[in-house]
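Notes to accompany the following structure.
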Number of protein chains: 2
Amino acid sequence: MQGGSGSVTIHEVAEKAGVSIKTVSRVINHEANVRADTKERVLAVIAELNYRPNPSARHLAGTHGYNIALLYDNPSPSYLIDLQSGALESCHAEGFHLILQPCGFHDQNLEATINNLIVESRVPGLILSPPLSDAAGLIEKLEQWGVLHARIAPIDVARPGPYVAVDDRGAAFELIGHLIEQGHRRIGIIKGHPDHGAGHWRYEGYLTAMRQHGLPIDEDLIVQGYFSFESGLEAGRKLLSLSDRPTAIFAANDDMAAGVLHIAHDMGIDVPGQLSVAGFDDTPLSRHVWPSLTTVRQPVQEMARQATMQLIDRIRKRGLSESGPSAMYCSLVIRDSTGAAPNL
Amino acid sequence: MQGGSGSVTIHEVAEKAGVSIKTVSRVINHEANVRADTKERVLAVIAELNYRPNPSARHLAGTHGYNIALLYDNPSPSYLIDLQSGALESCHAEGFHLILQPCGFHDQNLEATINNLIVESRVPGLILSPPLSDAAGLIEKLEQWGVLHARIAPIDVARPGPYVAVDDRGAAFELIGHLIEQGHRRIGIIKGHPDHGAGHWRYEGYLTAMRQHGLPIDEDLIVQGYFSFESGLEAGRKLLSLSDRPTAIFAANDDMAAGVLHIAHDMGIDVPGQLSVAGFDDTPLSRHVWPSLTTVRQPVQEMARQATMQLIDRIRKRGLSESGPSAMYCSLVIRDSTGAAPNL
DNA sequence: ACAGCGATTGACAACGTTATCTATACGCTA
DNA sequence: TAGCGTATAGATAACGTTGTCAATCGCTGT
């Protein structure tokens with residue numbers, strides 16, 4: 001192994017395999033019209049020399065680039081890391097590079113920023129994570145520019161193009177069902193950020209579960225949150241100050257659930273003795289707080305991996321293939337923050 | 001603004017400015033020997049056409065690449081995100097790209113992986129975050145390969161090359177001082193991961209503070225941790241099970257401090273009434289747990305930004321300049337998990 | 001055996017930039 | 001004013017790959 005300089009080029013591979021560089025190019029790009037034995041021979045040499053095509057040269061010569069951008073707007077660090085590692089994994093496996101692009105959903109210059117990115121980095125496609133997965137204006141521009149995309153956990157599932165989502169609604173439904181089984185009747189909910197699809201579907205799951213079990217929907221028990229700890233704190237305070245306060249609170253993510261826990265401790269309310277609290281996402285935080293949170297595990301990394309694969313697929317096929325959406329499942333994680341409803 | 005294809009090239013700039021492409025190249029690379037008025041004219045055209053050099057072409061033609069790799073081994077998500085955004089900021093400002101490279105400190109193939117990265121992506125330099133900042137074998141290889149680096153928070157500050165560090169020792173000293181002022185005498189410490197420099201210096205700070213205040217160092221109060229929540233849980237259990245248990249515990253990071261808090265709650269020990277707990281890093285977690293943690297804020301993002309700038313500087317100067325280390329300061333954040341020592 | 005035709009392969013010109021080497025312009029000394 | 005050295009500028013060849021188009025191979029049907 002020699003470091004730094006002098007990496008293997010396509011020419012060396014071609015010479016050693018006794019073919020032209022174009023044939024090697026065909027092999028590494030999975031093109032048709034290469035005889036099986038030729039292909040095999042070339043692949044053997046590639047393996048032997050440990051040849052890797054130079055991404056810059058491909059960029060320069062090719063019609064499309066090998067950079068995929070991951071767009072994100074400030075979700076929680078752990079969510080973001082999962083997203084990244086999933087995307088990174090697929091990119092690595094398929095020889096693409098991942099470009100990180102933080103950007104504000106409500107940023108005035110969003111479209112200009114992304115345009116710059118596309119032009120500068122020759123980005124043939126991007127991954128949109130929530131809430132960008134529902135930035136309608138941006139998505140239209142992308143289609144107009146001929147830039148592909150894959151969306152993660154969008155609200156608007158009718159829009160064309162591939163996306164990967166989890167069954168947020170079903171998972172919330174299941175979670176609320178669990179609480180009801182434990183004897184809870186007054187269950188409060190802290191809704192997620194209105195820009196995010198996930199919040200929307202989790203709320204729907206709550207409503208469905210309540211209705212299906214014949215429980216009344218009390219507007220006082222429904223509070224808007226914004227996925228932040230602080231918003232959970234505030235919403236929790238509101239819910240727990242009600243004269244007829246809920247015996248259980250479902251927060252649409254773990255950060256907000258941690259806020260509820262915080263307030264409950266401040267107010268001297270025992271969890272889960274007097275109050276059950278549940279979150280969503282199964283972030284590390286859910287294990288770190290006390291008592292540890294009942295929550296829902298989402299396969300974020302796997303979602304990112306799949307979305308990236310779908311995107312790469314579309315890039316390879318120049319957007320001609322229409323890989324459908326893929327749905328994934330969540331699993332309920334029951335920990336110490338939920339228990340039987342108190343006897344009143 | 002036109003998206004997707006047909007970006008401006010150096011030729012168009014050259015033609016419009018009435019110079020050769022080489023002159024344009026000189027201007028954009030800050031090379032000497034360009035008359036001031038020529039330079040100005042070229043810059044004007046560049047601005048007018050909104051020209052951006054094509055990174056791939058630069059890679060291909062140039063002696064060095066424009067990709068900087070950030071090496072990391074699984075620190076906490078929030079730390080990692082801060083690291084990334086700092087590095088990203090500098091890269092963006094200076095026209096470099098950031099490549100993320102997760103890698104295991106103890107991985108057998110570490111050097112081979114990095115070599116691959118360097119060869120494939122033409123990486124002229126990398127940023128080493130803890131604990132990679134002290135991967136002696138890797139660093140020697142890098143020097144051998146002629147690949148530059150900048151280190152973040154290393155243990156071995158004697159080694160040549162730029163690094164950025166905070167005064168971990170001083171901050172821990174100050175924190176322990178604060179606890180002593182509050183009347184604490186038996187102060188336990190949960191040490192950080194032995195691979196990380198930070199853990200080392202924080203422990204030194206503890207020792208110095210204890211000695212300086214004339215307090216005995218009790219081996220029973222010193223427990224090895226590994227920066228994880230679980231290790232904090234275990235270490236906390238050990239400390240709190242002592243017959244003569246400490247009235248305060250300093251954990252070398254927030255995750256471990258959260259573990260101590262968790263155990264204290266399990267054991268029915270009131271915080272801060274019967275036990276004070278302090279962490280380090282000021283992660284979001286420190287605000288989310290209850291009671292919120294007294295901790296130390298580190299300018300992680302700023303460190304990453306500076307380290308990246310230093311690295312880029314060295315790359316531009318081909319490693320000839322020897323920018324020295326830069327040190328940054330931490331600040332004590334006093335919250336609700338610490339208080340006066342209980343009256344025995 | 002031979003034309004015909006698709007499957008397979010190759011030669012060579014891009015792609016946009018930097019590096020090298022050469023040519024000109026300018027300012028100074030004798 | 002000639003001569004010389006040094007700033008400044010340009011022409012052209014890389015860099016490693018893909019795209020285009022032409023050439024050849026190998027099979028089919030007669």
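Convention: sequence-line order gives letters A, B, ...; per-chain numbering from 1. Below, each value reflects all heavy atoms present in this structure, side chains not excepted, and no hydrogens, waters or symmetry copies. The model shown is predicted, which means the values in this text are computed figures rather than measured ones.
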Result for 5'-nearest mapping on DNA chain C, choosing between B/P53 and B/R35, is B/P53
B/R52 vs A/A36, nearer the 5' end of DNA chain C by closest nucleotide: A/A36
Heavy atoms from other residues, nucleotides or ligands near CD of B/E15 exceed 12 (cutoff 6.0 Å): no
Does the side chain of A/N33 get closer than 4.0 angstrom to OP1 or OP2 of C/dT9 through an N or O atom? no
Of all the choices, C/dA11, C/dT17, D/dA7, which nucleotide is nearest to the side chain of A/S20 once you look at every atom? C/dA11
Using only modelled atom types and a 3.5 angstrom limit, is any donor from either the side chain of B/R26 or the base of D/dG10 paired with an acceptor on the other? yes
Are A/H196 and A/D134 linked by a side-chain donor-acceptor pair shorter than 3.5 Å? no
Does a side chain donor of either B/Q84 or A/Q84 reach within less than 3.5 Å of an acceptor in the other side chain? yes
Over how many whole Å does the gap from A/H59 atom NE2 to D/dG16 atom P extend? 17 Å
So, is B/N54 near the phosphate of C/dG16, with a side-chain N or O under 4.0 Å from OP1 or OP2? no
Rounded off to whole Å, could you give me the CD1-to-P distance for the B/I21 and C/dA19 pair? 12 Å
Describe the nucleic acid contact of A/S56 in one word from base, sugar-phosphate, nothing, applying a heavy-atom distance below 4.0 Å. nothing
Any A/S25 side-chain N or O less than 4.0 Å from OP1/OP2 of D/dT18: yes
Looking at A/Y51, does any N or O in its side chain come under 4.0 Å of the phosphate oxygens OP1/OP2 on D/dT17? yes
